[in-house]
Amino acid sequence: IHSSLKKLVAIGSPSQAFCWALDYLEVSFNNNTLYGYIMKLRKPSYISPAAFLNGECELDFKPLFTACLNLSDSFSQLHLRGLCYKDVSINNFFFNPKNGDCSIVDIDNICYDSGFDYSANVLGTPRFMAPEIVDGYSKPSIYTDYHSLAVLIFYLLLRGNPLEGARESKIRIFDAAAQKYLYGADATYIFNLNDSSNRPDPEIHGATLFMANILPESLMATFDIAFSKGLHDPGSRVPDSKWSIELRRVIESITHCPACGQENFCSKSYTKSIKCWECSSDFIPIRIQNNSSEYLASPGLTIDSNGRTL
């Protein structure tokens, strides 16, 4: 891990979102050599995903989706450098609930995407690891990062795990065998279009079912690729760059109900009225024309002189 930390310091952070190692330290104390690294402190305004998922704070859709976008953008920059994070999960980042800015921690997990660079011996976090790691026949890679990132985005947006449905609700002892059953070679996506054996249990997974009916179809289709085709085929997984494209599209589709103010989603190409999921009011979203571009009006929308949203 010493050499890995020194490499990370020399490489430099691929994105401002990473709490990167600024310098490596070795200190002699009581005949022992202690080592570590210097990094910036996390801003006190940032919260953990657990605080949001446990209902300790309320969050609008826009900062939540922006946090997911910042994560996908940051991991994309990391992967473009040939680096692998290895432990993408809700435990390793914090975010600003007002604007979605992120701080990704535990960077000492990071290594080159190579079978010869696993000195830290980190495989990942249970429930987020790819099936091939759970079953023990693969080590972390950029492709397993793709799976973990998709699980993380699903967790944040649908308040649940994409592999925990009816099969999970029948388990009485959550031991190693149960985890292999749920997350290994037999793992099944809860919304798999060709296999309904693991559908969410309404009494246990009600929040996930509710969010699945609200979120845009294109986003749910991307999840279907990630967890149907890509679940057991690493080469078919959704890369972080494609998540960034889809998440930007969703952010640009956010509009507000004029009756209750709730955030709703509306495709740019959809010109008819939509029904608010909160109050059931029908409304036609306000659109802004700027030269050849069109935008859905929403609080905080900023367009620069080149017609790009900021």
Side-chain angles (χ1 to χ4, degrees), residues 14-18 46 49 52 59-81 85 88 90 93-104 142 145-159 162 211-212 214-227 230 236-257 262-271 274 277 285-310:
S15 163
Q16 291 183 350
F18 288 98
Y46 284 35
F52 161 64
L59 200 64
D60 289 337
F61 282 141
K62 191 166 186 178
L64 179 60
F65 275 92
T66 302
C68 293
L69 172 60
N70 287 332
L71 287 170
S72 60
D73 279 349
S74 299
F75 285 117
S76 178
Q77 291 301 312
L78 183 81
H79 293 149
L80 284 172
R81 294 192 180 192
Y85 186 79
V88 180
I90 61 171
F93 85 98
F94 298 84
F95 69 102
N96 187 325
K98 293 184 178 180
N99 59 22
D101 286 348
C102 291
S103 177
I104 303 171
I142 288 177
D145 273 2
Y146 288 166
H147 172 83
S148 300
L149 177 62
V151 174
L152 175 58
I153 293 173
F154 190 97
Y155 240 116
L156 292 171
L157 300 183
L158 286 99
R159 319 292 203 272
M211 292 304 301
I214 292 176
L215 296 176
E217 291 182 2
S218 62
L219 178 65
M220 295 306 297
T222 307
F223 281 127
D224 186 62
I225 295 172
F227 300 120
S236 296
R237 287 174 182 158
V238 178
D240 27 45
S241 57
K242 286 192 176 182
W243 278 118
S244 294
I245 293 171
E246 179 57 29
L247 290 165
R248 281 191 175 88
R249 183 184 296 121
V250 174
I251 291 171
E252 292 176 357
S253 76
I254 294 176
T255 187
H256 289 69
C257 172
Q262 182 58 263
E263 292 169 296
N264 284 257
F265 301 99
C266 180
S267 168
K268 284 185 180 181
S269 60
Y270 192 81
T271 58
I274 62 175
W277 62 266
I286 299 174
R287 299 171 186 273
I288 298 174
Q289 289 285 150
N290 182 35
N291 297 325
S292 60
S293 300
E294 184 176 88
Y295 309 90
L296 288 171
S298 63
L301 174 67
T302 304
I303 303 171
D304 68 12
S305 58
N306 294 316
R308 296 173 299 189
T309 56
L310 303 177

Asker: Could you work out, with side-chain contact (heavy atoms from CB on, under 4.5 Å) as the rule, every residue matching Ser244, not counting sequence neighbours?
Answerer: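 If we apply the side-chain contact (heavy atoms from CB on, under 4.5 Å) test to Ser244, skipping adjacent residues, the hits are Leu69, Ser72, Asp73, Arg248.
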Asker: Just wondering, are more than 12 heavy atoms of other shown residues or ligands nearer than 6.0 Å to CD1 in Ile286?
Answerer: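 Not more than 12 within 6.0 Å, no.
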Asker: Looking at every non-hydrogen atom in both residues, tell me the closest pair between Pro49 and Leu156 and how far apart they are.
Answerer: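 Shortest heavy-atom contact: CB-CD2, 4.0 Å.
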Asker: For Pro97, check side-chain contact (heavy atoms from CB on, under 4.5 Å) against everything at least two apart and list the hits.
Answerer: Ile47, Leu59
Asker: Return the set of residues passing ring-ring contact (aromatic ring centres under 6.0 Å, His included) with Phe65 (not counting sequence neighbours), or none when no residue passes.
Answerer: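 In terms of ring-ring contact (aromatic ring centres under 6.0 Å, His included), with neighbours along the sequence ignored, Phe65 is linked to Phe265.
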Asker: Would a 4.5 Å heavy-atom cut-off, applied to side chains only, mark Thr66 and Phe95 as touching?
Answerer: no
Asker: Test Phe93 against Phe18 for side-chain contact (heavy atoms from CB on, under 4.5 Å), laying out the working first.
Answerer: CA-CA 9 Å; Phe93 85 98; Phe18 288 98; over 6 Å; no
Asker: Is any side-chain heavy atom of Ile104 closer than 4.5 Å to one of Leu78?
Answerer: no
Asker: Would you say the side chain of Asp60 lies within less than 4.5 Å of the side chain of Ile254, judging by non-hydrogen atoms?
Answerer: no
Asker: Run the side-chain contact (heavy atoms from CB on, under 4.5 Å) test against Asn96 and tell me which residues pass, sequence neighbours left out.
Answerer: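 Here the qualifying residues are Ser45, Tyr46, Lys98, Asn99, Asp101.
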Asker: Which residues pass the side-chain contact (heavy atoms from CB on, under 4.5 Å) test with Gln262, sequence neighbours left out?
Answerer: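 Partners of Gln262 by the side-chain contact (heavy atoms from CB on, under 4.5 Å) criterion, ordered by chain and then number, come out as Cys260, Asn264, Cys276, Trp277, Glu278.
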Asker: Can you tell me if Ser253 uses its side chain to pair, donor with acceptor, with the backbone of Val250 under 3.5 Å?
Answerer: yes
Asker: How long is the gap from CG on Leu152 to SG on Cys68, to the nearest 0.5 Å?
Answerer: 6.5 Å
Asker: So how far is it from Lys62 NZ to Leu64 CG, rounded to the nearest 0.5 Å?
Answerer: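 Going from the NZ atom of Lys62 to the CG atom of Leu64 covers 13.0 Å.
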Asker: List for me each residue that meets side-chain hydrogen bond (donor to acceptor under 3.5 Å, both in side chains) alongside Ser236, sequence neighbours excluded, and say none if there are none.
Answerer: Asp233
Asker: Can you give me the closest heavy-atom contact between Pro162 and Val151, atom names plus distance?
Answerer: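 Taking Pro162 first and Val151 second, the nearest heavy atoms are CD-CG1, 4.0 Å.
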Asker: Distance check, rounded to the nearest 0.5 Å: Ile251 atom CD1 versus Phe61 atom CZ?
Answerer: 12.5 Å
Asker: Working to the nearest 0.5 Å, report the span between CZ of Arg237 and CZ of Phe227.
Answerer: 9.5 Å
Asker: Taking atom CD1 of Ile142 and atom CG of Leu80, what is their separation to the nearest 0.5 Å?
Answerer: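 So the gap between those two atoms works out to 8.5 Å.
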Asker: Please examine the side chains of Met220 and Leu158, heavy atoms only from C-beta on, and report whether any two atoms are closer than 4.5 Å.
Answerer: yes
Asker: Using the ring-ring contact (aromatic ring centres under 6.0 Å, His included) criterion, which residues pair with His79? Sequence neighbours excluded.
Answerer: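 ring-ring contact (aromatic ring centres under 6.0 Å, His included) check on His79 returns Tyr146.
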Asker: Could you go through Ile153 and Leu247, starting from their C-alpha distance and side-chain angles, then the distance that decides it, and tell me whether this counts as side-chain contact (heavy atoms from CB on, under 4.5 Å)?
Answerer: CA-CA 10 Å; Ile153 293 173; Leu247 290 165; 4.2 Å; yes
Asker: Any side chain to side chain donor-acceptor pair (under 3.5 Å) involving residues 216-227? Give me the pairs, sequence neighbours left out, ordered by first then second residue.
Answerer: Ser218-Glu246, Asp224-Ser228
Asker: Taking only residues two or more places apart in sequence, or in another chain, which ones meet Phe52 in a ring-ring contact (aromatic ring centres under 6.0 Å, His included)?
Answerer: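 With sequence neighbours excluded, Phe52 shows a ring-ring contact (aromatic ring centres under 6.0 Å, His included) to no residue whatsoever.
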Asker: Evaluate the side-chain proximity of Leu71 to Trp243: yes if any heavy-atom separation is below 4.5 Å, no if none is.
Answerer: no
Asker: Which heavy atom of Asn70 sits nearest to which heavy atom of Gly100, and what is that distance?
Answerer: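 Reported closest heavy-atom pair: ND2-O, 2.8 Å.
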Asker: Check whether any side-chain N or O of Gln77 sits under 3.5 Å from a backbone N or O of Ser15 as a donor-acceptor pair, and report yes or no.
Answerer: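 A pair under 3.5 Å: no.
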